[in-house]
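In what follows, a single structure is set out as structure tokens and then discussed.
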There are 2 protein chains.
Amino acid sequence: MVELKQDTENKILEAAKIVFLQKGMDGARMQEIADEAGINKALLHYYFRSKEKLFEAVFKDVLGDFFPKISEVMLSDLHLFDKIKHFVKEYSNLLYGKPYIPGFIIMEVNRNPQAITNYFSSYAEKIAKANLPALAKQILEMSKNGEIRPVDPRHLIMSMLSMIVFPIISKPIVKVILFQNNDEDYNQFLQQRADYVSDMIINSIKIK
Amino acid sequence: MVELKQDTENKILEAAKIVFLQKGMDGARMQEIADEAGINKALLHYYFRSKEKLFEAVFKDVLGDFFPKISEVMLSDLHLFDKIKHFVKEYSNLLYGKPYIPGFIIMEVNRNPQAITNYFSSYAEKIAKANLPALAKQILEMSKNGEIRPVDPRHLIMSMLSMIVFPIISKPIVKVILFQNNDEDYNQFLQQRADYVSDMIINSIKIK
DNA sequence: GTCTATACACTGATAGAC
DNA sequence: GTCTATCAGTGTATAGAC
């Protein structure tokens, strides 16, 4: 094989992502990652010293795809209702395309809660000092104008995240309980859900 | 040790529960379970033939604590709003006491989605034939009376579950992102949340 | 950079004494 | 029923040839 270093490294990372996302850190096997990448086990250690390091690289990569989006929309100068609609729509679509990722993150963070603190301390600071106050201000003004009932911005964000993410990570369970394990029905349900969630959240704060 | 068979078996189950809940099937070690139970590794295999069998026993046990509650409240003859309040309150309290369980279930179901189908096929049938129609009927009547806007009962259930469960399983992440990793703030937030969720869901369907 | 071969540690499981 | 000792298998990691 006449591969450039960069290419092999990426090939490994992609393979590792596939295996780690499905099996998790503990369940994944270096052999399986090597097979998936079409290379040898020893090469994994040549590029990433250990399984732990390889996992770390994958984890950071995965996280980077998802969390910045949370604050992105929140900082825009859209009308609050449009912010909500936009965020729900964007995030839903993002997740429907990569449904295995939220469960993976939750699983791994639960396994090692310490790690998350390190990865996100700077990011959390940004949200605390920019996003939350901006959102709080917007909410306060609207409630003064009698357009909405006042609401804690953290509850608002938590509600949106909950209603978007939970149906994805709980799919195998809820699909059985509420949809007799019918995959098509469940996917259709998910597709309706983005609009339903936007309406629900807006309705809950709107003064009619 | 002069222990009765029953006692040792329960001691093992409790120890296994502790370890499996924290580490998951793949991360758990038989040695650690034995230590936790204060007995020897060989005894684990004497009582439960294999790690897989032991895990299965723990998993079924854990599931049994949580899912029957979902349909219980739904079948009562309470007013819809009271049903919602009651369910949210009960389920929240249940989860706050055992916060590690939802994440565990989701992790393991993701690892082996096939298993869940077997465990819950009969239960899912019951919900499909009794709970959902009953709830749908109640919603239909109230919307005819002009009390609420019509809503798909599955969306309603999904919303409640999402808003209750997600803040628990995502705690390590959200606590860092929105609460600067302050545990006390987060717990306080969770305690307010049950009332917030009830109000929000009711407000979203109520016609004022 | 990439491979084969292998070292080394760990883990689930069993055998056998008490 | 409970223990100690041990086996067999598997997994991460390294050595060394090309």
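Residue numbering restarts at 1 for every chain, and letters A, B, ... go by the order of the sequence lines.
- Separating the CZ atom of B:R29 from the C1' atom of C:dG12 is a distance of 10 Å, rounded to the nearest angstrom.
- The CG atom of A:L44 sits 13 Å away from the P atom of C:dT4 (whole-angstrom rounding).
- Going from atom NZ of A:K23 over to atom P of D:dG11 covers 10 Å, rounded to whole Å.
- As a whole-Å value, the separation of A:M30 CE from D:dT10 C1' is 15 Å.
- Side-chain proximity of A:A42 to the nucleotides C:dG12, C:dT4, D:dT12 is greatest for C:dT4.
- Here C:dA13 is the nucleotide among C:dA13, C:dC3, D:dA13 with the atom lying nearest to any side-chain atom of B:K51.
- B:A34 comes within contact range of no nucleotide atom at all, as no heavy-atom separation falls under 4.0 Å.
- Atom pair A:Y47:OH and D:dA13:P shows a separation of 18 Å (rounding to whole Å applied).
- Note: CG (A:N40) to P (C:dT4) measures 5 Å, nearest angstrom.
- In this structure, A:R49 does not reach the D:dA13 phosphate: none of its side-chain N or O atoms is under 4.0 Å from OP1 or OP2.
- Of the N and O atoms on the side chains of A:K171 and A:N187, at least one donor lies less than 3.5 Å from an acceptor on the other residue.
- Counting to the nearest Å, the C1' atom of D:dA13 and the NZ atom of A:K53 are 15 Å from each other.
- Taking side-chain N and O atoms only, B:T8 has a distance below 4.0 Å to OP1 or OP2 of D:dT2.
- Using a 3.5 Å distance cut-off with no hydrogens or angles, the side chains of A:K83 and A:Q138 do pair a donor with an acceptor.
- At the phosphate of D:dT14, neither OP1 nor OP2 sits under 4.0 Å from any side-chain N or O atom of A:H45.
- Between the CD atom of B:E52 and the P atom of C:dT11 there is a distance of 18 Å, rounded to whole Å.
- Looking only at atom types and distance, the side chain of B:R154 has no donor-acceptor partner in the side chain of B:S159 under 3.5 Å away.
- A close approach under 4.0 Å does not occur between any side-chain nitrogen or oxygen of A:Y46 and OP1 or OP2 of D:dA13.
- For A:K85 and A:D195, the salt-bridge test fails: no basic side-chain N is under 4.0 Å from an acidic carboxylate O.
- Remark: side-chain polar atoms of B:Y91 are paired, donor with acceptor, to backbone N or O of B:F66 under 3.5 angstrom.
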